[in-house]
*Asks:* 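Sharing a structure with you now.
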Amino acid sequence: MKKLLLILVVFCIATTTVSAQAVSEAKIRQQIEAAAASMKTMQCDFVQTKFLRMLNDKMVSRGKMYYQQSDKLRWEYTSPYAYAFVLNGSRVLISKGNRNDVINVNQSKFFKEIARIMMNSVVGKALNDKRDFKVSLSSLATEYVATLYPQQKQMQQMFQKIILHFNRQKAMVAKVELIEKRGDCTVIEMTNVKVNSPINAKVFTVN
């Protein structure tokens, strides 16, 4: 459960947009914040591939993600299993099969911290918040790359680093790599991204 939530945190970071011009890191960070602030909603499909180093194998999952400014998020796996995580204000819904669990974020230190990092990430604050990540930015020929080194103990125990690949043409994250401490790697690729399109309120229902 905790590992899944940490992956959700990273995915939230990936929803920020950036102008990939060859400018200073400070300027890039400012552009990320400005672009994220203008993003009222976002929705996309994703493919998550986990590469297992010890087994020389991989596991592929598919799903959808929805975000609405400033405190609504839905992360839903649709294949090979059904699982949904919904954050709506101070309440969290975890749905698996026929079981639904509702959690009050304010009554759980862990979930409260997860919610804080998630929302900071989506609104573009993650790359400037030194409490959560140390960030290295670089510009390549075909993409812009941000490498995040976790500073929080819980995330450090899981991940060596997190790599965000920005599509230069679309100025949005196209792929996220999560490099784990033990050598496994999870890659999340986003498609059919829609920004500032209407989202049905039912998507964020928590009950």
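Hydrogens, waters and symmetry mates are skipped; everything else that's a heavy atom, side chains included, is used.
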*Asks:* I'd like to check Pro80 versus Ser61 (side-chain heavy atoms, cut-off strictly below 4.5 Å). Are they in contact?
*Replies:* yes
*Asks:* State which residues pass side chain to side chain contact (heavy atoms under 4.5 Å, CB included) with Val47; sequence neighbours excluded, sorted by chain then number.
*Replies:* Thr49, Val60, Arg62
*Asks:* Does the side chain of Ser136 reach to within under 4.5 Å of the side chain of Lys134, using non-hydrogen atoms?
*Replies:* no
*Asks:* Does Ile188 share a hydrophobic cluster with Tyr83, counting links as ILVMFWY side-chain heavy atoms below 4.5 Å and allowing steps through other members?
*Replies:* yes
*Asks:* Does some side-chain heavy atom of Lys175 sit less than 4.5 Å from a side-chain heavy atom of Leu164?
*Replies:* no
*Asks:* Can you hop from Phe46 to Val86 via hydrophobic side chains spaced under 4.5 Å?
*Replies:* no
*Asks:* Hydrophobic clustering (ILVMFWY, side-chain heavy atoms < 4.5 Å, transitive) - are Phe85 and Ile103 grouped together?
*Replies:* yes
*Asks:* Less than 3.5 Å apart, any donor N or O on the side chain of Gln48 or Tyr77 sitting next to an acceptor on the other?
*Replies:* yes
*Asks:* In this structure, would Leu148 and Phe159 fall into the same cluster of hydrophobic residues linked by side-chain contacts under 4.5 Å?
*Replies:* yes
*Asks:* In chain order, what residues pass the side chain to side chain contact (heavy atoms under 4.5 Å, CB included) check against Lys202, with sequence neighbours excluded?
*Replies:* Asn200, Thr205
*Asks:* Test: side-chain hydrogen bond (donor to acceptor under 3.5 Å, both in side chains). Region: residues 84-103. Which pairs qualify, not counting sequence neighbours?
*Replies:* Ser95-Asn100, Arg99-Asp101
*Asks:* For the residue pair Leu93 and Val206, what are the closest heavy atoms and their distance?
*Replies:* CB-CG1, 3.8 Å
*Asks:* So, for Ile163 and His165, which heavy atoms are closest and what is the spacing to 0.1 Å?
*Replies:* CG2-NE2, 3.5 Å
*Asks:* On a heavy-atom basis, which atom in Tyr67 and which in Lys72 lie closest, and how many Å separate them?
*Replies:* CD1-O, 3.3 Å
*Asks:* Is there any salt bridge (Lys or Arg N to Asp or Glu O under 4.0 Å) pair reaching into residues 75-84, and which pairs are they, with sequence neighbours excluded?
*Replies:* Arg74-Glu76
*Asks:* For a 4.5 angstrom cut-off between non-hydrogen side-chain atoms, does Ile199 reach Phe204?
*Replies:* yes
*Asks:* Output the distance between atom CG (Asp184) and atom CE (Met158), rounded to the nearest 0.5 Å.
*Replies:* 9.5 Å
*Asks:* Using residues 191-198 as the side-chain source, report each donor-acceptor pair under 3.5 Å to any protein atom, sequence neighbours left out, with the distance given to one decimal.
*Replies:*
unit_1	atom_1	unit_2	atom_2	d
Asn192	ND2	Asp45	OD2	2.7
Asn196	OD1	Lys40	N	2.6
Asn196	OD1	Thr41	N	3.2
Asn196	ND2	Ser38	O	3.3

*Asks:* Do you know which two heavy atoms are closest between Glu180 and Gln160, and how far apart they sit?
*Replies:* O-NE2, 3.1 Å
*Asks:* Gln156: which residues meet the side chain to side chain contact (heavy atoms under 4.5 Å, CB included) condition with it, sequence neighbours left out?
*Replies:* Pro150
*Asks:* By side chain to side chain contact (heavy atoms under 4.5 Å, CB included), which residues pair with Gln157, not counting sequence neighbours?
*Replies:* Lys153
*Asks:* Hey, are the side chains of Thr147 and Ile162 touching, using non-hydrogen atoms and a 4.5 Å cut-off?
*Replies:* no
*Asks:* Please name the residue in the list Val102, Val105, Leu73 that meets the side-chain contact (heavy atoms from CB on, under 4.5 Å) test with Val92.
*Replies:* Val105
